[in-house]
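See below for the structure under consideration.
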Amino acid sequence: MDYLKGLNEPQYEAVTTLHGPLMVLAGAGSGKTRVLTMRIAHLITNGIDPFNILALTFTNKAAKEMKLRIAKVVGEGNAKSLWMGTFHSVFARILRSEAHYLGFPSNFTIYDTQDSLNVLKKVLKDLNIDQELYKPKKVQARISSYKNNLITVRAYQNNPELIEADERANMKYIGKIYEKYVEQCFRNGAMDFDDLLLRTNELLTRFPEVLARYQDRFRYILVDEYQDTNHSQYLIVKALSSKFENICVVGDDAQSIYSFRGANIYNILNFKKDYPDAKTVSLEQNYRSTQNIVNAANVVIARNKEQFKKNVFSDNEVGDKIKVFRALSDADEANFVANNIWEQHNANQRKFTDFAILYRTNSQTRAFEDALRRKNIPYRVYGGLSFYQRKEIKDLVAYLRLLVNENDSEALLRVINYPTRGIGETTQNKLIVFADSQNVSLANVLDNLGIYAPHLGFNNGVISKLADFWSMIKAFQVMLKTENVYTVAMEVAQRSGLIKFLKDDQTPEGISRVENVQELMNSMQGFIEEQQQLEDGDPSLSSFLENIALSTDQDKKSENEDQVSLMTIHLSKGLEFPVVHLVGLEENLFPSFMSSSTREELEEERRLFYVALTRAEKQVFFSYAVSRFQWGKITDAEPSRFLSEVDEEYIEFLNPVVESRFVNKSGLSSDIFGDNFSEPRFFKKAEKKKLPSSDEPKPLPKNLKPVASAKIINPSGNSSQDIEVGDRVRHDRFGVGEVVFLDGTDPENIKAKVKFVTEGEKNLILKFAKLTKI
DNA sequence: CGCGAAGCTTTTCGA
DNA sequence: AAGCTTCGCG
C-alpha cells in the first residue's frame with residue numbers, strides 16, 4: 001500500500017474511509033485529485049469490484065487522467081471497468097441503453113445550446129409569439145431552470161405559483177412554449193443538456209426496477225466538484241446512493257462558480273442534513289501556492305457570508321507579492337502581459353506552459369492573441385467559440401446527425417437547403433405546416449413524397465429537388481451500414497456539395513473553414529482508430545456524435561507543447577500554473593455588469609476571483625485597463641473592487657503611484673489615458689498617505705465623479721521642453737533608452753519614439769510616459 | 001428563389 | 001464588433 005504513504009492525516013482519513021457517507025471539503029490546492037484517485041485505488045485493493053464504482057467528475061479529461069493514475073496503482077485490467085466521467089456523459093450513456101423506457105430512440109440526438117435555441121425559435125414562430133416580448137434566450141434560460149429544478153411541463157401546469165410568477169413577468173405563454181418545446185424535442189428524438197439529467201431522473205423515479213438495477217451496480221459513488229452540482233444532479237446522486245449510502249462527495253464551497261447553470265451551493269452546505277451520519281474531512285493544507293497567494297485569497301473570500309469555516313494555509317515559501325499593473329488600454333494591458341511572459345521566459349528560464357492568462361469573458365482573448373503573436377510567443381486559447389460550434393462544422397455534423405436520426409428536424413432543416421439547392425423558405429414552411437397537420441415528422445413526409453405531393457401544392461421542379469435531396473440522404477444511410485464512418489463522412493462532405501461550396505470562397509476565412517472541415521475529418525479518423533483499439537470501444541457514428549456533443553475544450557488540451565494558456569476563469573477550475581496573469585480587473589467586467597446587482601451574485605464573482613487566484617503556484621499578476629475597446633467603442637473603465645479587497649501587504653504596484661487622482665473627462669481625447677482611477681482611491685496604503693483626513697468608507701468605484709482639470713493629470717510627466725531628440729531617458733518599465741524621434745506640435749499630444757536598450761523601440765505619448773532624463 | 005446590402009440588436013460564464 | 005433579420009432586386 002505504497003500509495004498511502006505521504007498522505008497527510010486528513011488526506012489519509014479521506015482515502016481510507018471507504019464506507020458510509022463522506023464529505024471531503026477540499027480547499028484549493030489541497031491534493032484533492034490525489035485523494036480521489038487514491039481512494040478509488042484503495043476501494044479496489046480492498047476487494048471492491050471496480051464495476052461497482054461510479055465516479056462523477058467535472059470534465060472528461062479529469063476522468064481520463066484519474067483513471068490512468070488509478071491504473072498505475074491497481075493495474076489496467078482492474079481500472080478498466082470503473083465507470084468515470086461527467087454527469088452528462090455517464091447519464092447520456094445510461095439513457096441510450098434505457099431509452100425505450102422513455103419512448104426515445106436509443107440513437108437520440110443531443111442538442112447543444114445553439115440547437116435548442118433554434119428549435120425554440122421555431123416553436124415561437126409556430127405559436128405566433130412575438131420574439132421581442134419573448135426573447136428566445138430568456139425563454140430558453142427559463143425553461144432550463146425549470147428543468148434543472150425538476151419542474152416538468154406537467155409540474156409547471158399544476159403549479160399556480162409558477163404560472164402566476166410568469167404572468168406577472170408578462171410571460172404568460174411560457175407554459176405553452178415549454179410544452180411545445182418539449183414536444184418538439186421528443187418528436188425530433190432529441191435531448192438537450194438539461195434533458196440528460198432530467199430524463200435520467202424521470203427514468204429512475206418512474207421505473208423502480210431500473211433504479212434498483214443501477215443502485216445495485218453503483219455501490220460506491222464519488223462526486224467531484226460537488227459544490228457545482230444542480231438540483232437535478234443532486235437528486236440523481238441521492239437516488240442512486242440511497243440503498244448503500246456509500247457516497248463520497250468532494251468539493252469546496254468557496255469554489256462554487258456555476259450557479260448560472262443551476263449549480264446549487266446548498267447541495268454541499270446541506271450535505272450533513274441529508275446524511276446525518278456523514279463524516280466530514282477537511283483538507284486545509286494548500287500544497288500548490290505560496291503563502292502570499294494563499295493568504296491573499298483567504299482575505300478576499302472571507303468577505304463572503306455564506307460559507308464553511310476553513311483555515312486554508314500553506315507551508316510553502318512566502319513567495320513574491322502579487323504585482324498589479326495599471327494599463328492605459330486593453331492593448332496596453334496585453335502588451336504588458338506579453339512582455340512580461342517574454343522576459344520571464346528568457347530570464348527565469350520558465351517554459352511558456354508555465355503561464356496562464358485568465359480572464360472573465362471570452363471577448364478579452366483577442367487583444368492577448370495579438371500581443372502574443374507579435375512577440376512570437378506560442379499560445380493556445382481554450383474555450384471561446386469552440387471548434388464544434390463553428391458554422392461549417394455544425395453544418396457537416398448536421399448531415400451526420402440526420403443520417404443517424406432522421407427525425408431530427410432541426411438537423412434536417414439546417415441542411416435541406418445548404419448548400420443552396422433551390423429548396424427555399426416557402427417550400428420549407430409548406431413542408432413544416434403539412435407535417436404538423438398530419439402529425440408526422442418531416443422525414444416521414446419526404447419518405448412518402450409521392451403520396452403527399454398532391455396535397456402539398458408543389459410544382460414538379462420543387463418535388464424533384466426534394467426527392468433528389470432525400471434520396472441523397474437515403475444513399476448515405478445505406479452506405480453507413482457497410483462503410484466505415486470516415487468514408488461516409490467524406491462522401492457526405494463531397495456529394496452534398498459542402499466542400500465545393502466552401503472551397504469557392506477563397507477569402508482567408510473561407511480557407512480556414514475548409515481547413516476546419518478537414519480537421520473534423522481528421523479528428524473523426526482519430527476517434528475511430530482509438531475506439532477500435534479499445535476493447536469496449538464504439539466506433540459508430542452516433543458514438544462519435546455523442547462524443548463531440550459532450551466534449552469540453554479542456555478535454556482536448558494538447559500536451560507536450562510549450563504554449564501559454566489562455567482561458568476564462570471558469571475553464572481554469574481544477575488547473576494550476578506557476579505564473580498566473582489575471583487580467584481585466586475592472587468594474588463591470590469582473591465583477592461582470594450582469595452579476596453585480598445582488599449580494600449572491602457578487603459573492604459568486606468573488607468566488608470566481610478566488611478560483612483565479614488559487615490557480616497560481618508561484619506568481620500572480622493582476623492587471624486592469626483604464627479604457628477598453630468594447631462593443632465597438634472605447635469605454636472608460638474603473639479598477640475592480642476585488643483589487644481593493646486584497647490586503648496591501650500582499651500586493652506591489654508596478655506603476656508608480658500617481659500624484660493626482662483626478663482627470664478632466666470633458667473634451668480632450670487624451671482623457672482615455674486618464675489616471676482618475678489610480679490606486680490612491682482604492683488602496684489603504686496610498687489612502688493613508690494621500691488622504692490622511694479621510695475616514696470615510698471607500699466609495700464604490702461606480703460613484704466616482706471625476707473633477708478638476710486635465711492639467712494636473714500627471715505632474716511627473718514631461719512637457720515638450722524637457723525632452724529632446726538624442727536625450728538619454730529612463731522609463732519605469734522599459735528601462736534606459738534614447739529618444740530618436742519626436743512627433744507633433746500640440747504639447748498635449750507629442751509622441752516620442754524611444755529606443756530602449758532591452759525593449760527596442762517604443763512609441764510613447766510624452767505627456768504620459770513619465771520619462772526621466774539621465 | 002437566391003443573394004447581398006442594409007439595418008438592427010446585443011453583449012458572462014458553459015455541459 | 002459580430003451576429004441576425006429584413007429588404008429589395010435580378
Side-chain angles (χ1 to χ4, degrees), chain A residues 56-63 85-92 110-118 121 125 131-132 135-138 140-141 144 147-148 191-197 225 228-230 232-233 256-263 330 358-367 382-386 388-389 391 417-429 458-459 461-462 465 509 546-555 567-573 584 588-596 601 604-605 607-609 611-612 628-635:
Chain A
L56 296 163
T57 57
F58 199 68
T59 63
N60 288 314
K61 176 168 185 265
T86 62
F87 272 91
H88 287 86
S89 63
V90 166
F91 295 113
I110 297 172
Y111 282 161
D112 67 16
T113 320
Q114 186 59 52
D115 302 326
S116 110
L117 195 68
N118 288 343
K121 280 181 186 165
K125 217 162 133 193
Q131 305 204 8
E132 282 304 302
K135 296 265 165 71
K137 282 204 173 134
K138 279 220 175 92
Q140 188 183 36
S144 171
K147 286 186 175 180
N148 284 331
M191 297 198 196
D192 62 24
F193 287 139
D194 303 321
D195 285 332
L196 294 178
L197 307 172
E225 307 284 6
D228 279 327
T229 52
N230 64 32
S232 199
Q233 291 166 322
S256 167
I257 54 175
Y258 278 99
S259 73
F260 71 92
R261 64 178 206 219
D330 44 352
L358 305 182
Y359 36 78
R360 179 65 176 82
T361 69
N362 281 306
S363 59
Q364 288 165 259
T365 324
R366 174 164 291 183
Y382 295 87
L385 186 64
S386 99
Y388 297 112
Q389 290 171 296
K391 184 180 179 311
N417 197 33
Y418 183 84
T420 47
R421 46 175 76 86
I423 306 175
E425 210 189 311
T426 330
T427 307
Q428 291 180 33
N429 281 337
F458 291 147
N459 64 38
V462 170
K465 282 173 189 163
E509 296 83 23
E546 175 173 320
N547 183 267
I548 64 178
L550 298 176
S551 94
T552 57
D553 242 50
Q554 251 193 35
D555 294 342
M567 65 184 86
T568 61
I569 303 165
H570 282 90
L571 269 187
S572 77
K573 191 168 77 160
N588 296 324
L589 183 58
F590 189 22
S592 161
F593 66 102
M594 297 289 286
S595 319
S596 304
E601 284 174 346
E604 176 147 326
E605 294 286 305
R607 289 192 294 269
L608 198 52
F609 184 78
V611 168
R628 176 172 293 280
F629 197 72
Q630 214 174 8
W631 304 332
K633 58 173 195 266
I634 293 173
T635 342

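Atoms considered below: every heavy atom in the structure, side chains included; atoms not considered: hydrogens, waters and symmetry mates. A note on names: the letters A, B, ... follow the listed sequences, proteins ahead of strands, and every chain is numbered from 1.
- Using N1 to N3 plus N6-O4 or O6-N4 for Watson-Crick, or N1-O2 and O6-N3 for G-U wobble, each under 3.5 Å, dT9(B) pairs with dA2(C).
- Rounding to whole angstrom units, NZ of residue K573(A) and C1' of dC13(B) are separated by 12 Å.
- Candidate nucleotides dT12(B), dA2(C), dC4(C) were compared by shortest atom distance to the side chain of R366(A), and dA2(C) ranks first.
- Along DNA chain B, the nucleotide nearest to M594(A) and the one nearest to Q428(A) differ in position, and the one closer to the 5' end is contacted by Q428(A).
- Within the 4.5 Å cutoff, no side-chain heavy atoms of Y382(A) are placed close to those of T568(A).
- Counting non-hydrogen atoms of other residues, nucleotides and ligands closer than 6.0 Å to NZ of K391(A) gives a total above 12.
- Residue D115(A) contributes atom CG, which lies 15 Å from atom P of dA15(B) at whole-angstrom precision.
- In this structure, E546(A) atom CD and dA15(B) atom P are separated by 15 Å, rounded to whole Å.
- S89(A) pairs with exactly one of T57(A), N60(A), N547(A) by the side-chain hydrogen bond (donor to acceptor under 3.5 Å, both in side chains) rule, that one being N60(A).
- Closest approach to the T361(A) side chain among dT12(B), dG14(B), dC4(C) is made by dT12(B) (side chain taken as heavy atoms from C-beta onward).
- The nucleotide whose nearest atom lies closest to any side-chain atom of W631(A) is, among dA2(C), dT12(B), dT11(B), dT11(B).
- Not a single donor-acceptor pair under 3.5 Å links the side chain of Q233(A) to the backbone N or O of F87(A).
- A perpendicular orientation is assigned to the rings of H570(A) and Y258(A), their planes being inclined by more than 60° (bins at 30° and 60°).
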Identify all pairs in which a protein N or O lies below 3.5 Å from an N or O of nucleotides 2-9 of chain B, and state each distance.
| residue | atom | partner | partner atom | Å |
| --- | --- | --- | --- | --- |
| dG2(B) | OP1 | G422(A) | N | 2.6 |
| dG2(B) | OP2 | N417(A) | ND2 | 3.4 |

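- Residue H88(A) places its side chain closer to dA15(B) than to any other of dG14(B), dT12(B), dA15(B).
- In this structure, the CG atom of L571(A) is 10 Å from the P atom of dC13(B), given to the nearest Å.
- Atom pair K137(A):NZ and dT12(B):P shows a separation of 7 Å (rounding to whole Å applied).
- The side chain of F629(A) approaches dA1(C) more closely than any other nucleotide in the set dG14(B), dA15(B), dA1(C).
- The side chain of S595(A) lies closest to dT12(B) when the candidates are dT5(C), dC13(B), dT12(B).
- Judged purely by atom type and a 3.5 angstrom limit, S595(A) has no side-chain atom pairing as donor or acceptor with the backbone of S592(A).
- Out of dA15(B), dT11(B), dG14(B), the shortest distance to the side chain of H570(A) is found at dG14(B).
- Phosphate contact (OP1/OP2 of dT11(B), side-chain N/O of S363(A), threshold under 4.0 Å): absent.
- Between the side-chain ring of F260(A) and the base of dT12(B), no stacking contact exists by the 5.5 Å and 30° definition.
- Applying the Watson-Crick and G-U wobble criteria (two distances, each under 3.5 Å), dC3(B) pairs with dG8(C).
- Counting only heavy atoms from C-beta on, N362(A) has its side chain closest to dC13(B) among dT12(B), dC13(B), dT5(C).
- In terms of the salt bridge (charged side-chain N to carboxylate O under 4.0 Å, His left out) criterion, residue partners of D228(A) (sequence neighbours excluded) are, by chain and number, K573(A).
- Rounded to whole Å, the distance from NZ on K121(A) to P on dT10(B) is 12 Å.
- Put simply, CG on L117(A) is 11 Å from C1' on dC4(C), counting in whole angstrom units.
- Each of E605(A) and K465(A) was matched to the nucleotide of DNA chain B holding its nearest heavy atom; the match closer to the 5' end belongs to K465(A).
- Taking R360(A) as the reference, E605(A) meet the salt bridge (charged side-chain N to carboxylate O under 4.0 Å, His left out) condition, with sequence neighbours excluded.
- One atom, NZ of K61(A), and another, P of dA15(B), lie 14 Å apart when rounded to the nearest Å.
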